[in-house]
A.B. asks: 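Got a structure for you, questions after.
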Amino acid sequence: MKTIEATNFIEQIINEDIEAGRIQAVQTRFPPEPNGYLHIGHVKSMLVNFGTAEKYGGKCNLFFDDTNPSKEKTEFVDAIRRDIEWMGYHWAKEVYASDYFDVIYDYAEKLISDGKAFVCDLSPEEISATRGTLTEPGKESPCRNRTPEENLELFRNMRAGKYADGEKCLRAKIDMASPNMNLRDPVIYRILRCTHHRTGDKWCIYPMYDYAHPICDYMQGVTHSLCTLEFEDHRPLYDWVGIHLGFDPKPRQIEFARLCVTNTVMSKRYLKKLVEEGFVHGWDDPRMPTIAGLRNRGVPPEALLDFCTRAGIVKANSECQYSYLESCIRDNLNENAERAMAVASPLLLTLKNCEGGETEAAVHPLKPELGTRKVRFGRALYIDRADFSDDPPPKYQRLRPDGYVRLKNIGIVRCDEVVRLGSGEISELKCTYFSEEEAAVAGIKAKGTVQWVDAETGVDAEIRQYGCLLNDAEYPGQDFGERMNRDSERIFSGKAEPYLAEAADGTPFQLMRMGYYKKCRGEGGGLVLSEIVSLKDSFNKSSGR
RNA sequence: UGGGGUGUCGCCAAGUGGUUAAGGCACCGGAUUUUGAUUCCGGCAUUCGUAAGUUCAAAUCUUGCCACCCCAGCCA
């Protein structure tokens, strides 16, 4: 097995393991807990786990960490699978922590027999109270010195359902005085009467993450268990389990920093709250930072992967600016998205001297081989309100009273009359049309070019809710995501207005930028929001556990 | 105040004792342009949290200090 050129510290470590002959092949696992949808933070984990395995010609399993049935659902399992597939990754095997419940249980009996674990009668409150503090050691449980025989019997009784939830638990016998809190006789099995989404009511005791994870990794032949930074001081416990259970070769845990994006909520806890309390339409609402939400906005998976790659895999906690993500999306879309015209905030424009017709528009200006498509237009069109100004700022290049502008792919237009409602609001622009030829002959030039939508055949559908009107009625039957993709050049081609929610401390948070912005210095775009969300309660920073 | 981590341009991030300290995002100029997009050219850290020390030579080694993050769930 050969080393590759390392592009991050994880690969450096793997290379060292290869050079030292510690591993024969790379095996990783992507380990979501099925308690919610995957979000953009998980993309980074996928990149690390699937990506690293791929690079080394190794394998990566999809591992569902389902050791806490009270939070997990099959619905999430299905959504997670779908999202990984959409991201373009393939897992070697699909495994569940629950697949190993029997093995995990047997290992617990082994630990007990070896005098490495004991059944504790203390209540959760008592355990908490005797754990000590960051600076003071904890107190040993009075049950700590029970004999293996006694512990074994008690543990079997736990499994048999002879005790109530919380009445007893199994603890690893490590060190109550350890400066590492995780090593102060951690609970490794709890009694929990809860129907598991896969094992049903077979078990009334469930293993804890810290104990089950190293076993599951070992059972899968995982060589490198890649996880986020907050598990760094769980590593000694991860290793403790492996050492005392005699795992050889023992998987190696390596931690990397989570992905953070400015003003973006990335905690499943809050995302769940948004869904459950109806702030959004669901986990796949286009405003959500979930993979499903991003998909519904028309964000290509490659752009997400590119973003995580460019942000880098490191150990330093950092927060990427949203504009970095947007840049990755724009780069991808510029290269791949087929073009369509769109208008966010429609303003009627009528052609006084033209019956309309049909024009050809390049499917993709960078890819002439994709040809053109026909776009029809009548004498009534919509342009964006931002593309007209009766009080134009300096250097304004678009339409103004008595001014000229080019309607993309049609010709040049002169604004002859501005029709207003009683309120003063502009309701219509009456224009004279000049074909490119006529304009050339007459010496008419237009500095700016604007997109337009045919008033009769333009479609809005769901798009309107999120602020856009698409030009072409020629994409029937496409779902929201595809439509957004058609339009995404426009959507992402400039700065987006943030979709804001107010936080308790005044910090603006956003679910996702949901915006449309005509590139124009000093002007905001016609963003239409379906609803404004106040998250005052949700984002209280001091939220306890 | 215990332990574990991390500190390189506004934001990411290369860098592993000898280079003028990569690159990307953002930003600022200027050119091309039927999307104020794209593309193109140019600008943007005498300095690497900080203070000493070692060395001919330090972002890279040593020591002290400072800042930030994580840990006291029978969550993951």
Side-chain angles (χ1 to χ4, degrees), chain A residues 7-8 12 31-33 35 65-68 70-72 97 120 122-125 127-138 165-171 177-184 186-192 205-206 208-210 212-213 227-236 255 257-258 260 262 268-269 307 310-328 330-331 333-335 339 341 361-362 365-366 387 395-398 405-412 436 446-451 489-490 492-494 518-521 523 545:
Chain A
T7 57
N8 59 247
Q12 277 179 20
E33 181 187 10
N35 66 345
D65 211 339
D66 57 352
T67 56
N68 184 358
S70 67
K71 293 184 175 176
E72 298 147 7
C120 184
L122 261 30
S123 69
E125 296 70 33
I127 288 181
S128 179
T130 52
R131 187 159 10 236
T133 67
L134 295 178
T135 52
E136 301 156 34
D165 287 10
E167 192 180 329
K168 291 194 189 317
C169 66
L170 185 68
R171 294 226 257 167
S178 172
N180 182 344
M181 302 296 287
N182 297 300
L183 264 23
R184 318 246 262 228
V187 172
I188 60 175
Y189 254 102
R190 80 280 216 173
I191 302 173
L192 182 63
I205 58 172
Y206 293 96
M208 302 292 288
Y209 165 87
D210 281 322
H213 208 84
C227 63
T228 44
L229 245 33
E230 68 269 27
F231 291 106
E232 243 169 346
D233 34 53
H234 291 239
R235 189 173 354 116
E255 310 85 8
R258 277 175 181 274
C260 294
T262 51
K268 256 196 217 173
R269 181 193 143 109
F307 172 56
R310 290 213 248 166
I313 309 300
V314 298
K315 290 199 73 162
N317 282 312
S318 61
E319 187 178 51
C320 289
Q321 288 176 339
Y322 203 92
S323 57
Y324 205 175
L325 204 211
E326 287 179 318
S327 166
C328 295
R330 270 186 271 124
D331 274 1
L333 259 14
N334 184 44
E335 187 62 35
R339 270 52 167 181
M341 290 188 285
L366 268 37
D387 288 342
K395 295 188 182 175
Y396 188 78
Q397 293 182 12
R398 289 160 287 150
V405 81
R406 171 174 283 109
L407 294 180
K408 190 171 183 177
N409 296 124
I410 297 184
I412 293 176
E436 291 293 344
K447 271 186 269 180
T449 301
V450 302
Q451 298 190 22
E489 177 211 17
R490 178 81 169 192
F492 293 109
S493 67
K518 177 71 179 169
K519 278 245 167 165
C520 177
R521 240 163 261 167
E523 278 188 42
R545 16 187 109 253

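Every chain is numbered from 1 and lettered A, B, ... according to where its sequence line falls, protein lines coming before strand lines.
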A.B. asks: Please report the distance separating the C1' of B:U39 from the corresponding atom of B:A76, rounded so that it comes out in whole Å.
C.D. replies: 47 Å

A.B. asks: Assess whether a salt bridge exists between A:Glu255 and A:Arg235, defined as any Lys/Arg side-chain N lying under 4.0 Å from an Asp/Glu carboxylate O.
C.D. replies: yes

A.B. asks: Establish whether the base of B:G3 is bridged to the side chain of A:Asp233 by a donor-acceptor pair shorter than 3.5 Å.
C.D. replies: yes

A.B. asks: Taking atom C1' in both B:A57 and B:G18, compute the distance separating them and give it to the nearest angstrom.
C.D. replies: 6 Å

A.B. asks: I'd like the C1' distance from B:C9 over to B:C44, given in whole Å.
C.D. replies: 8 Å

A.B. asks: In whole Å, I'd like the distance from the CG atom of A:Leu325 to the P atom of B:G24.
C.D. replies: 18 Å

A.B. asks: At under 4.0 Å between heavy atoms, what does A:Ile127 touch on the DNA or RNA strands: base, sugar-phosphate, or nothing?
C.D. replies: base

A.B. asks: If we take the C1' atom in both B:A72 and B:G3, what is their distance in whole Å?
C.D. replies: 12 Å

A.B. asks: Is the shortest heavy-atom distance from the side chain of A:Thr262 to the side chain of A:Tyr322 under 4.5 Å?
C.D. replies: yes

A.B. asks: Touch check for A:His213, heavy atoms < 4.0 angstrom, all strands: base, sugar-phosphate only, or nothing?
C.D. replies: nothing

A.B. asks: With heavy atoms under 4.0 Å as the rule, sort A:Arg406 into base, sugar-phosphate or nothing.
C.D. replies: base

A.B. asks: Distance check, P atoms only: B:U6 and B:A14, in whole angstrom units.
C.D. replies: 13 Å

A.B. asks: Is A:Arg258 atom CZ crowded by more than 12 heavy atoms from other residues, nucleotides or ligands, each under 6.0 Å away?
C.D. replies: no

A.B. asks: Roughly how far apart, to the nearest Å, are B:C48 and B:G53 at atom P?
C.D. replies: 16 Å

A.B. asks: Regarding A:Ile205, tell me which of base, sugar-phosphate or nothing describes its non-hydrogen contacts under 4.0 Å with the strands shown.
C.D. replies: nothing

A.B. asks: Checking base pairs now: Watson-Crick or wobble, both atom distances under 3.5 Å. What partners B:U39?
C.D. replies: B:A31

A.B. asks: Which part of the nucleic acid does A:Glu33 contact within heavy-atom distance under 4.0 Å: base, sugar-phosphate only, or nothing?
C.D. replies: sugar-phosphate

A.B. asks: Is A:Glu125 touching bases, backbone alone, or none of the nucleic acid, heavy atoms closer than 4.0 Å?
C.D. replies: nothing

A.B. asks: Which is true for A:Asn409 with a 4.0 Å heavy-atom rule: it touches a base, it touches only sugar-phosphate, or it touches nothing?
C.D. replies: base

A.B. asks: Using the P atom as the reference point in each nucleotide, state the distance between B:G49 and B:G2 in Å, no decimals.
C.D. replies: 24 Å

A.B. asks: Just the rounded figure in Å: distance from P of B:G73 to CG of A:Asn35.
C.D. replies: 19 Å

A.B. asks: Students often get this wrong, so: under 4.0 angstrom with heavy atoms, is A:Ser70 touching a base, only sugar-phosphate, or nothing?
C.D. replies: nothing

A.B. asks: How would you label the glycosidic angle of B:G7: syn (within 90° of 0) or anti?
C.D. replies: anti

A.B. asks: Quick one: label A:Glu436 by what it contacts on the DNA or RNA (base, sugar-phosphate, nothing), any heavy atom closer than 4.0 Å.
C.D. replies: base

A.B. asks: Assign A:Tyr189 to base, sugar-phosphate, or nothing according to its heavy-atom contacts below 4.0 angstrom with the strands shown.
C.D. replies: nothing

A.B. asks: Under 4.5 Å between any side-chain heavy atoms of A:Gln321 and A:Glu326, yes or no?
C.D. replies: no

A.B. asks: Determine the contact category for A:Ser178: base if any of its heavy atoms lies under 4.0 Å from a base atom, sugar-phosphate if only primed atoms, P, OP1 or OP2 are that close, otherwise nothing.
C.D. replies: nothing

A.B. asks: Is there a Watson-Crick or G-U wobble partner for B:C68 with both distances under 3.5 Å, and if so, which one is it?
C.D. replies: B:G5

